[in-house]
Engineer: 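Handing you a structure now.
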Amino acid sequence: MIEKNLVQQAVSKAYADNKALTGGENASYIPYLASVPSDLFGVAVVTTGGEIFSAGDVKFEFAIESISKVFTMALAMEQIGTDAFRKKIGADPTGEAFNSVIALELHGDRPLSPLVNAGAIASTSLVAAKDKEDRYQQILGIQSAFAGRALTMSTEVNDSEQTTNFHNRAMAWLMQGAGAMYSEPMDAVEVYTRQCSTLITATDLAAMGATLASGGVNPLTGKRVVKAANVGPILAEMTMEGLYTASGDWAYTVGLPGKSGVGGGILAVVPGQMAIAAFSPPLDPVGNSVKAQAAVASVANTLGLSLFSRP
Ligand code: GLU
C-alpha cells in the first residue's frame, strides 16, 4: 500500500498544477449545468482502507450525470447476472458521441455499451421493479450504498433535464422498435434522467469508486454493495467506454477504468488500492471535464498507478 503522505502529496499536486488550467465549457444542452460556477475544482481519493485525501472544492454537490450509468449497470448485473447483462446491453465501445443516434442505427438500434446514453437507458429499463418509482428508489439506493451516505436528487437538475431530454426519448423509441427496451420506454427515460440528477461531492465519487476498488465492499461503511465477481465486468465496461470516444486515449495515458459525466465529475478506479475522483464543470468537445481529467491523470501518474505499466 502506498504511504499516506505520498497520496496526499499527489492529490495536492494534482490540484495545484491544474487549478489555473483553462479550456472547455460547461455543458450547455442542459440549462442547469450551464449555470454551475466554472471555476469550482476539487480532487479526492478514497482508499480501500477507508482513508480520505482531498484538495479544493470537495464539498460542493454536483450532478452525477453519466457516472450514474456505472451504478445502474451494477444493479442490473446483480439482478440478472453479468452474462445476461452483456448479451442484452453489450460491452464494446461505440466509437461515437455519448448520445449518438448514428451508433444505434449502425447496430440495428441496439446499444453496444451501458455507458453511452442509449445503453444506459436500456440498462435502467432492465432493472427489475414493480413500477418506475420502485425502479428509481432501487437505483438511488445503490448509488447511496456505493457512496456510503443517503444521496438526494436535485429537483432543479431533474426539472431542467426532464423538460429538455427529447434526444434521449427518441433513442428509447428506436430501441423499443428493436426489442431492446425492457420497460415502458418513456418511464425508463424518466427514471434514467432522475438517476442522472443525483447530487454528489468529489469525495462521494471517490467513495463510490473505492467500493469497486475493494471488490464491492464500501470501505467507509464496511457493507457489501455488489458481488465481488461482478466488479471485473463493471471495470471492463468502464475501460471500454467510460470516457466516451476518449476511452482509448485514457487507457493509454492513465491506464485505469474510468467514468466521466457532463456534470464535470471524473472517476478512476485502482483495483485493490483506491479510487481517484475530481470535479470541474468545463468540458472538452468529447464531454469530459478538462481539469478533472488532468487532475485524475496527475494523481495516477504521480503514484504510478496505471494497470498496464505494472512491473
Ligand atoms: N443526463 C445526461 C444526458 O442524458 C448525461 C450525459 C452524460 O453525462 O454524458 O444527456
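We're numbering straight along the sequence, starting at 1. For ligands, and for the atoms within them, numbers begin at 1 and follow the listed sequence. Scope of the values below: all heavy atoms of this structure, side chains included, with no hydrogens, waters or symmetry mates.
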Engineer: Please write down residue, atom name and distance for the protein heavy atom closest to atom 9 (O) of ligand 1.
Structural biologist: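 Going atom by atom, the protein heavy atom closest to atom 9 (O) of ligand 1 ends up being Tyr244 OH, 2.4 Å.
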Engineer: Which label fits Phe60 and Phe279: parallel for a plane angle under 30°, tilted from 30 to 60°, or perpendicular past 60°?
Structural biologist: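 Plane angle under 30°, so parallel.
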Engineer: Below 4.0 angstrom from a heavy atom of Cys196, which ligand 1 atoms are there? Numbered from 1 as shown, please.
Structural biologist: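 Contacts of ligand 1 toward Cys196, numbered from 1: 1 (N).
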Engineer: Need the ligand 1 atom indices (1-based, order shown) with element for anything under 4.0 Å from a heavy-atom of Asn168.
Structural biologist: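 So the answer, numbered in order with elements, is 3 (C), 4 (O), 10 (O).
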Engineer: How close does the nearest protein non-hydrogen atom get to atom 10 (O) of ligand 1, and which residue and atom is it?
Structural biologist: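 So the nearest neighbour among protein heavy atoms is Tyr29 OH, 2.5 Å.
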Engineer: Among protein heavy atoms, which lies nearest atom 5 (C) of ligand 1, and at what distance?
Structural biologist: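 The closest one turns out to be Glu65 OE1, 3.3 Å.
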Engineer: Any side-chain heavy atom of Pro185 sitting closer than 4.5 Å to one from Met175?
Structural biologist: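 Side-chain contact under 4.5 Å: no.
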Engineer: Are any of the side-chain nitrogens in Glu237 or Lys259 under 4.0 Å away from the carboxylate oxygens of its partner?
Structural biologist: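 No, this pair does not count.
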Engineer: Side chains of Glu241 and Ser113 only: does a donor on one sit below 3.5 Å from an acceptor on the other?
Structural biologist: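 Looking only at side-chain atoms, Ser113 and Glu241 do not form any donor-acceptor pair under 3.5 Å.
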Engineer: Check whether the side chains of Asn168 and Asn117 place a donor and an acceptor atom closer than 3.5 Å, and report yes or no.
Structural biologist: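 On atom types as modelled, these side chains qualify, holding a pair under 3.5 Å.
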Engineer: Once you restrict to heavy atoms under 4.0 Å, what part of Asn99 touches ligand 1? Side chain, backbone, both or neither.
Structural biologist: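 Near ligand 1, Asn99 shows nothing, with every heavy atom at 4.0 Å or more.
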Engineer: May I have all residue pairs that pass ring-ring contact (aromatic ring centres under 6.0 Å, His included) and include part of residues 230-266, sequence neighbours excluded?
Structural biologist: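 The answer is Phe98-Tyr244.
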Engineer: Within a distance under 4.0 Å of any heavy atom of Phe98, pick out the atoms of ligand 1 and give their elements.
Structural biologist: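 Contacts of ligand 1 toward Phe98, numbered from 1: 6 (C), 9 (O), 10 (O).
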Engineer: So for Gly261, does at least one of its heavy atoms come nearer than 4.0 angstrom to any atom of ligand 1?
Structural biologist: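 True for this residue.
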Engineer: Sequence neighbours left out, what passes salt bridge (Lys or Arg N to Asp or Glu O under 4.0 Å) with Glu25? Give chain and number order.
Structural biologist: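 Once residues adjacent in sequence are excluded, Glu25 has no partner under the salt bridge (Lys or Arg N to Asp or Glu O under 4.0 Å) criterion.
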Engineer: Could you tell me the residue and atom name of the protein heavy atom closest to atom 7 (C) of ligand 1, and the distance to it rounded to 0.1 Å?
Structural biologist: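 Of the protein heavy atoms, Ser66 CB, 3.0 Å lies nearest.
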Engineer: With heavy-atom distances below 4.5 Å as the criterion, would you say the side chains of Val70 and Leu212 are in contact?
Structural biologist: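 Yes, close enough: below the 4.5 Å cut-off.
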Engineer: Record the part of Val262 in heavy-atom contact with ligand 1 below 4.0 Å; permitted values are side chain, backbone, both and neither.
Structural biologist: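 Both parts.
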Engineer: Between Glu161 and ligand 1, which residue portion shows a heavy-atom distance shorter than 4.0 Å: side chain, backbone, both, or neither?
Structural biologist: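 The answer is the side chain.
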